[in-house]
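A quick write-up on the structure given underneath.
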Amino acid sequence: MSEERSLNFLEQIVEEDIAKGVNGGRVLTRFPPEPNGYLHIGHAKSICLNFGLAQKYNGQTNLRFDDTNPVTEDTEYVDSIKADIKWLGFEWKDELYASDYFEQLYQFAVQLIQKGLAYVDDSSAEQIAAMKGTPTEPGKDSPYRSRTIEENLRLFEEMRNGVYKDGEKVLRVKGDMASPNMHMRDPLMYRIKHAHHHRTGDKWCIYPMYDFAHGQSDSIEHITHSICTLEFVPHRPLYDWFIEKLEIFPSHQYEFARLNLNYTVTSKRKLKQLVQEGIVRGWDDPRMPTISALRRRGYTPASIRAFCERVGVQKRDNIIEVSLLEYFIREELNRTANRVMAVLDPVKLVLTNYPEGQVEELSAENNPEDPSAGHRIVPFSNTLYIEREDFMENAPKKFFRLAPGQMVRLKYAYIIKCDSFDKDADGNITTIYCTYLPESRSGGDASGLTVKGTIHWVSAAQAVTAEVRLYDRLFKVDDPNSEEGDFKDYINPNSLQVIENAYIEPSLASAKPGDRFQFLRKGYFVADPDSTPEKLVFNRTVTLKDTWAKEAAKG
RNA sequence: UGCCCUAUAGUAUAAUGGUAGUACGACAGAUUUUGGUUCUGUUUGUCUAGGUUCGAAUCCUGGUAGGGCAACCA
């Protein structure tokens with residue numbers, strides 16, 4: 001917070017406005033989602049921006065649902081959006097709905113008709129589209145464009161009163177069909193939809209278009225800085241036009257470039273498709289880029305806020321690397337997550353010189369980055385599980401783990417030496433036999449030996465089994481949006497790997513959903529809400545950086 | 001071929017007419033009872049051509065490239 005940073009272009013605008021005394025120095029922003037889907041990482045940027053800007057300049061932020069299209073909206077989405085914003089750590093001033101303004105917006109429309117600036121059009125959607133022209137050719141005036149004010153007033157009222165069916169009539173701006181800006185070519189203001197609205201019920205059968213609701217909603221709330229994404233730049237002249245003709249509070253819109261992440265899609269339409277077609281398990285499937293999925297994946301609000309802060313605010317298109325997001329969650333979890341041992345792909349290891357049946361209680365440091373995290377007890381015995389990949393029958397020189405004749409330290413315990421191993425008929429290693437060095441015990445090592453490698457383990461008799469879900473990127477290409485064909489063709493078929501029976505140390509048995517850990521050498525994990533008293537379920541939030549894997553991949 | 005927005009290392013972002021810097025990534029090394037962390041070092045950039053200026057990433061003009069705009073979606 002106190003870190004010195006140059007101002008982004010929106011902060012500059014706000015500071016200039018404050019300096020000039022615009023709006024008496026008042027700052028009021030708003031976050032305006034449509035409740036037709038779950039919030040994603042791109043929205044997080046907008047939330048951090050809108051709420052953060054207001055916070056920084058002693059202002060406030062309204063939460064306003066732009067609910068002008070009853071057929072796509074639902075209270076399920078309203079609830080999830082509110083929960084996500086709160087979880088991210090922000091508080092809104094007022095919870096508002098564009099639908100709160102339906103009567104006011106209707107009156108605005110009447111005023112424009114009275115001024116001769118709007119008309120009722122009987123043309124079909126296809127006819128209107130055909131008369132619109134193209135970006136390089138002007139459009140044509142509708143044959144209904146010259147109706148009298150009185151007739152327009154009567155027809156619009158009849159539209160409201162349910163006299164007409166869906167699509168029979170619309171209310172349009174009397175703009176300029178030759179404008180180089182397509183949005184000024186008699187844009188629609190109202191359409192007829194005999195549909196049930198999640199808040200207004202069946203009170204209305206005409207609904208304002210977004211373009212006729214958004215700017216005026218900002219104006220009604222006296223929003224000082226209305227911040228949205230770049231695709232609305234060409235709409236701004238229309239919003240300004242409405243404000244000018246209606247002579248209402250002049251909110252100003254400013255546009256920034258939306259956030260894009262590589263290897264992911266952030267389009268509500270596409271995300272909804274992934275959910276509805278069962279490609280993921282739901283909006284909060286940890287592979288999704290939604291806020292609720294990131295939460296379930298184990299991301300923290302602070303890490304997402306830090307990411308959004310780092311990404312900055314600009315007007316140029318951008319695709320951020322996922323590694324930046326991962327950096328921030330690793331950075332936080334390294335400081336805060338307790339270390340534990342979990343063996344995901346177990347192979348049995350027997351210490352032939354350790355007394356059968358003896359159980360030693362070893363002290364294990366919870367977090368080397370945070371001494372105040374204390375210690376815990378980990379049981380040790382002659383039969384352990386270690387990670388299958390930590391043993392190689394024929395190891396290359398730089399392999400610092402177990403191999404016949406090679407020594408390694410068992411974390412928090414002893415140095416061991418591999419003597420032999422068993423294989424089954426298929427050539428899989430079934431048991432590894434080692435001897436331990438009694439004088440090498442952690443904390444009191446008198447062996448005089450140093451070994452290159454330290455591996456994690458769990459004691460077989462005391463181990464608890466758990467399900468572990470390993471996630472990888474959902475798409476196998478960098479930029480799924482720019483690829484040919486259907487974006488779903490580029491889904492990574494290995495984005496989820498479920499390990500039914502991982503062995504975890506007994507101290508983990510009491511973990512509660514939402515508890516975060518570092519599984520030593522494996523990554524950061526969070527207990528999933530699917531956990532039951534019988535079986536814990538863990539999600540891998542992110543791997544640790546793994547320079548050995550990188551080395552090994554080089555061949 | 002109309003209008004609008006944009007262009008700085010691989011990615012993102014500073015420098016607001018005066019030494020092109022930071023973060024992530026990558027690479028190399030040191031430390032390490034996590035091949036983690038930490039530390040050190042290295043690498044790579046102003047789209048292009050003109051103009052203004054003592055001086056241009058910055059201002060102007062042309063070009064090039066990318067993006068947006070023609071839903072009764074938002």
Side-chain angles (χ1 to χ4, degrees), chain A residues 5-8 12 32-34 36-37 66-69 71-73 121 124-125 128-130 132-139 166-172 178-185 188-193 206-207 209-211 213-214 228-237 255 257 259 262 268-269 310-321 323-328 330-331 334-335 339 341 365 368-369 398-401 408-413 415 440 442-443 445 450-456 518-523 543-552:
Chain A
R5 266 190 93 88
S6 50
L7 301 178
N8 66 47
Q12 287 179 31
E34 187 195 11
N36 69 344
D66 276 338
D67 54 351
T68 55
N69 186 1
V71 302
T72 60
E73 294 153 8
D121 196 335
S124 68
I128 289 175
K132 204 88 176 185
T134 70
T136 52
E137 303 162 48
D166 287 9
E168 238 180 300
K169 286 182 164 48
V170 290
L171 184 70
R172 298 178 73 179
S179 171
N181 181 344
M182 298 297 290
H183 297 277
M184 299 304 285
R185 317 233 280 221
L188 270 59
M189 296 162 61
Y190 269 91
R191 75 287 217 196
I192 300 169
K193 277 181 192 281
I206 57 171
Y207 292 92
M209 298 292 290
Y210 173 85
D211 275 352
H214 190 83
C228 66
T229 45
L230 248 28
E231 68 267 30
F232 293 104
V233 170
H235 300 239
R236 177 162 23 94
E255 308 87 5
L259 176 148
N262 64 4
K268 268 198 231 174
R269 202 196 93 246
R310 225 332 161 178
V311 152
V313 183
Q314 253 309 330
K315 297 181 81 159
R316 53 186 104 104
D317 294 332
N318 60 81
I319 302 180
I320 315 283
E321 293 178 346
S323 62
L324 187 64
L325 220 205
E326 293 179 338
Y327 165 79
F328 283 104
R330 283 194 188 108
E331 195 271 332
N334 177 51
R335 283 184 283 112
R339 275 61 170 169
M341 295 196 287
E365 184 179 35
E369 305 297 318
K398 279 158 75 180
F399 186 77
F400 304 144
R401 308 178 188 182
V408 81
R409 174 172 291 281
L410 295 174
K411 182 75 177 173
Y412 313 124
I415 293 175
S440 67
S442 284
D445 188 340
T450 52
V451 291
K452 276 284 219 177
T454 300
I455 64 171
H456 61 280
Q518 183 192 112
F519 287 2
L520 218 61
R521 304 205 301 134
K522 299 309 297 181
T543 60
L544 256 28
K545 281 211 272 184
D546 190 346
T547 51
W548 166 247
K550 213 181 279 182
E551 182 73 26

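Below, read A as the first sequence line, B as the second, and so on, with proteins coming before strands; counting in each chain starts at 1.
If you check distances only, the side chain of A/Ser442 does reach the base of B/U33 with a donor-acceptor pair under 3.5 Å. Interface remark: the A/Glu369 side chain does form a donor-acceptor pair with the B/G36 base, using a distance-only criterion of under 3.5 Å. For A/Arg409 against B/U33, a side-chain-to-base donor-acceptor contact under 3.5 Å is present.
Contacts of A/Pro32 with the nucleic acid, taken as non-hydrogen atoms under 4.0 Å apart, are absent.
Look at the C1' atom in both B/G45 and B/A15: the space between them is 14 Å, to the nearest Å. The separation of B/A7 from B/C47, taken at their C1' atoms, amounts to 7 Å, rounded to a whole angstrom. Nucleotides B/U42 and B/A23 have their P atoms positioned 13 Å apart, rounded to a whole Å. Taking atom C1' on both B/G17 and B/U37, the two are 44 Å apart, rounded to the nearest angstrom.
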Dump every N/O contact between nucleotides 3-10 of chain B and the protein below 3.5 Å, one line per pair.
residue	atom	partner	partner atom	Å
B/G10	N2	A/Glu321	OE1	3.1

Pick out the pairs of N or O atoms, protein on one side and nucleotides 21-23 of chain B on the other, that lie under 3.5 Å.
residue	atom	partner	partner atom	Å
B/A23	O4'	A/Arg310	NH2	2.8

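A sub-4.0 Å separation between OP1 or OP2 of B/U34 and a side-chain N or O of A/Arg330 is absent. At the phosphate of B/A74, OP1 or OP2 sits under 4.0 Å from a side-chain N or O atom of A/Thr68.
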Check your understanding: How would RNA chain B look in dot-bracket form, 5' to 3', counting Watson-Crick and G-U wobble pairs with both distances under 3.5 Å and writing | for bases paired to another strand?
Key -> .((((((..((((....[..)))).(((((.......)))))....(((((..]....))))))))))).....
